[in-house]
Structures are given as C-alpha cells and as structure tokens.
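This report refers to the structure that appears directly beneath it.
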Amino acid sequence: MSFNKEINKFKIALTSDCCLRCSHCFIDKNLKEKVSFDKALRAVKIFIASPGKKKLLEIYGGEPLLYFDLVDKIISKAFKMAEIQNKDLVISVASNGVLMDEKSLRYMADNNIRFSISFSGSRTTQNFNRKFHSGKGTHKYLKSKIPRMLSIMRENAHVIFCVHPERVKYMRKDFLKLIELGFKNIGIECVHGFKWRKGDYRQFDENMRRIISFILKRARKLDFILLESFLEFFREREYKNSFCPFLRDFEMYPDGSFSLYPYPFIKNLSERKKVVIGDIEKGIEKKFLKCLPDLNSEKCANCLKNYYKLNHLRAGSLAYKMRTEISKDAVKKIIFLSRKETNFKRYLKYLIKEFKKGYT
Ligand code: SF4
C-alpha cells in the first residue's frame, strides 16, 4: 500500500498494556493489545515512503517500555528504511517513565531518540492522576528517577505536562516544579474527556500567560526553556498543508487499525469503530486515497466535518486550541523583541534550531 499525501508525524500506539492506572487514560487495559512487528513494519514503510522528506515517528501506548525489545526492533528497521529512501527520520518514545532504567535510557541516548515522560510537577498533581495498580501515586518513585534521566538524555529529555481541569489552578506552580527538577523541554497537553468549566478555561488562559512571561524573563537572562507549543508557529509557516489531518494526526493502533484520534482517548471498541479510517490489511478508506490538500477546496474544508464526533473529548480540545494560540502569539512577541534585544535574537535562533530538529 502506498499513500499519496505527506505524513510528517506518524504515531504507533504499541500496546494497551500499562504498568499504571492513570485516572484520565481511557485505554481498556483488559484488551491486552500489542502491535505485531510485521504490522508495525508495514505501517512504518507506508509512512516513510509517503511524500515529504522530514519524518517523525512517535512510539507510545500504553507503556512502550513494557516491550522494549519490540521498540528496539521497530526503531532499527525504521532508521534503515529512512536511510535507503533518503528521508530525515527522527524518533521519539513517549512513556510514563516508571520503567526507565540505565539500559533503556542509554539505548535512547545512543540512538538519538527523544524520550518523553509524563510528569505533572508537584506531588499532589502527579498523584491526582498517575497511579500504580494499587492506587498509590507515582510522584515519589518517578521523581527519584528523573535526575538520572536528565543526565543521560540531556537535550533529548522531554516532559509531557498534562493539565487536568481540576488541577488547572495549580498549573503555574506545577510548571515551576518541572523547571526546578531541571526540565528545559516541556510540552503542555490538556486532559480530554473531563468537564472544563468556564472558570477552568479562564485559569488556563491566565496560567499559560504567566508561564510564558516566566519563560521570556528567563530568555532575557539567556536561560532558554523550550515550550513545545511555541513550535506550532514555525510549523504553520513551513507546512502550507498543516490543515490536512494526515500531516500530523495519523496513527496506528495496536490491532493495526488507522485513526486520526489519539489511542488513549478512545474508551472502547465501539468508540474505536466510529473513528477508524482503515487498517494495515485492507488499507486506508478510499475517500482519503485520492484527495490532495488544497486550502481552497470545498472537499478539504468539509473533510473532517463528521469525523471528530466523540462529544466527551470536545472540552479538552478547546483548552488545547487556547494553548496553541497563546503560544503562537508569544512567538510573535519573541520575534518583535528579537529586533531590539540580542538575547531574544539568540532565543529565537534557539527555537528555530529546535524546530529544525523535528522532534515535535
Ligand atoms: S480532503 Fe483535503 S484535508 Fe481531507 S484528507 Fe483529503 S487532502 Fe487532507
């Protein structure tokens, strides 16, 4: 199967298995799903052969480190395929961090893989969502592992900071805890599937702006922090087809089905049926096989009209949109400041360099 549209980022949800029971994750762990090496390979082949030179493969789950050997096999084949086809491939692995150890961290550092862990800063916020099977929070356990992660992974260490509406008022404090721990590369995500009230949005907006003002103060002192959503600004400039969902939202679930929804957002098999757009055996739905991104086409304008129909996920999407818009405005401000202040000029250069690495 070949594909006509550019896929810049492709995600493989490796497994439904996980060593944690986070309260905001909808994955049905009882499904015991795990992608086969053959399916993963075939999907990576389609992805790498798709138009476009820059490719980002993200492996996540469930918890991918439960199947480290499989991750290793997929990564080494993917790099070989990319080399043969002369594509610039970067790979990132997203994990809850609990299973990271010397061997997995060294492997990722040696292979220039970006390693992301989900961590929410303070003890209360981390333990609010992220729990072991026993219900015990993961903060203490993970916090003790983070210094080693940072020292091995260095600039390839990344943290995913998920903001839950019930913890949004502590968002800035939690962010500062991540900085205290030594994270420099931070992605803010918004928890989907839970009620975001008017006041939560207001606090999210306020805290996003305060976080950005903190980052800019640090930049003025040449202490550079990368807020991953800043890079959306550069992406929109580079990719005229960024409205096409295949560019960044395409992924394969462990059973080999394709979707434009993130795997952890889908509650059960009946929801999955509604969002699947093909699978590795039968291919991608016909209607997506011939169309090409065109900003002026009615087809593209209506492309996803009836696709994102899982209502319980809408609220998180709005917060996510706010995050992205506030971040893009911040970059405009950085560009403005860079015309007058050398330190901001250097910060802007740093952001562009990070964007070019292609990890997001
Ligand atoms: S209709 Fe347009 S936006 Fe939709 S998948 Fe096709 S090219 Fe992309």
Side-chain angles (χ1 to χ4, degrees), residues 1-13 35 39-40 42-58 60 78 82 85 87-90 92 189-190 192 229 231-266 271-311 313-314 316-318 320-325 327-328 355 358-360:
M1 181 169 77
S2 61
F3 193 56
N4 67 339
K5 277 179 281 302
E6 178 168 5
I7 309 168
N8 167 243
K9 177 178 181 178
F10 179 62
K11 295 207 274 185
I12 297 180
V35 79
K39 283 181 181 172
R42 284 155 67 196
V44 170
K45 208 170 175 181
I46 296 165
F47 162 56
I48 290 180
S50 73
K53 191 161 166 67
K54 290 183 183 171
K55 302 286 171 197
L56 164 61
L57 174 65
E58 185 173 309
Y60 79 137
Q85 302 205 33
K87 303 277 172 126
D88 298 336
L89 175 68
V90 293
S92 114
E189 297 294 339
C190 308
H192 285 59
S229 48
L231 305 185
E232 296 289 341
F233 175 89
F234 304 104
R235 186 157 27 250
E236 271 186 15
R237 289 194 157 191
E238 176 150 337
Y239 292 98
K240 300 288 168 255
N241 50 343
S242 61
F243 60 88
C244 177
F246 283 93
L247 189 72
R248 305 271 311 164
D249 299 332
F250 187 42
E251 65 179 75
M252 186 170 82
Y253 294 171
D255 64 349
S257 53
F258 293 130
S259 176
L260 303 169
Y261 262 105
Y263 182 63
F265 288 12
I266 306 301
E271 272 198 0
R272 188 182 301 184
K273 258 192 193 161
K274 293 181 191 161
V275 301
V276 155
I277 55 161
D279 65 52
I280 193 71
E281 305 298 346
K282 297 188 204 113
I284 299 164
E285 272 180 20
K286 262 194 193 144
K287 68 171 179 182
F288 294 121
L289 290 180
K290 286 196 181 142
C291 53
L292 281 172
D294 173 1
L295 245 184
N296 302 316
S297 100
E298 206 176 315
K299 195 173 182 185
C300 288
N302 293 322
C303 166
L304 298 177
K305 217 171 174 180
N306 296 313
Y307 180 72
Y308 288 110
K309 54 199 164 198
L310 301 180
N311 278 330
L313 298 173
R314 287 234 162 90
S317 308
L318 183 55
Y320 182 85
K321 221 174 165 182
M322 283 169 70
R323 175 213 74 163
T324 307
E325 291 310 314
S327 302
K328 286 195 292 193
F355 173 67
Y359 274 115
T360 56

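We use all heavy atoms of the structure for the numbers below, so side chains are in, but hydrogens, waters and symmetry mates are not. Numbering of ligands and ligand atoms starts at 1, following listing order.
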task: For atom 2 (Fe) of ligand 1, check which protein N, O or S atoms are under 2.8 Å away and list them.
output: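 Atoms qualifying: C300 SG.
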- request: Using a strict cut-off of 4.0 Å, indicate which atoms of ligand 1 neighbour a heavy atom of F246.
  value: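 Matching atoms, with element in brackets: 5 (S).
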message: For F3 and F288, I'd like to know if the aromatic rings sit close, meaning centre-to-centre distance below 6.0 Å.
response: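 For F3 and F288, the ring centres are not under 6.0 Å apart.
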Modelled atom types, side-chain donor and acceptor of Y307 and S259, under 3.5 Å: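 Side chains of Y307 and S259: pair found under 3.5 Å.
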- request: Compute whether any side-chain donor of one residue and acceptor of the other, for Y60 and E251, lie under 3.5 angstrom apart.
  value: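 Result is yes, a qualifying pair exists.
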field: Pairing of R42 and E281 as salt bridge, 4.0 angstrom limit
entry: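 A salt bridge is present here (some side-chain N lies under 4.0 Å from a carboxylate O).
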- request: Using a strict cut-off of less than 4.0 Å between a Lys/Arg side-chain nitrogen and an Asp/Glu carboxylate oxygen, indicate whether R235 and E232 qualify as a salt bridge.
  value: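 Counted as a salt bridge, because a side-chain N and a carboxylate O are separated by less than 4.0 Å.
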- request: May I ask you to establish whether R323 and Y320 are in a cation-pi arrangement, using a distance under 6.0 Å from NZ or CZ to the six-membered ring centre and at most 45° from the ring axis?
  value: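 Ring-cation test returns yes.
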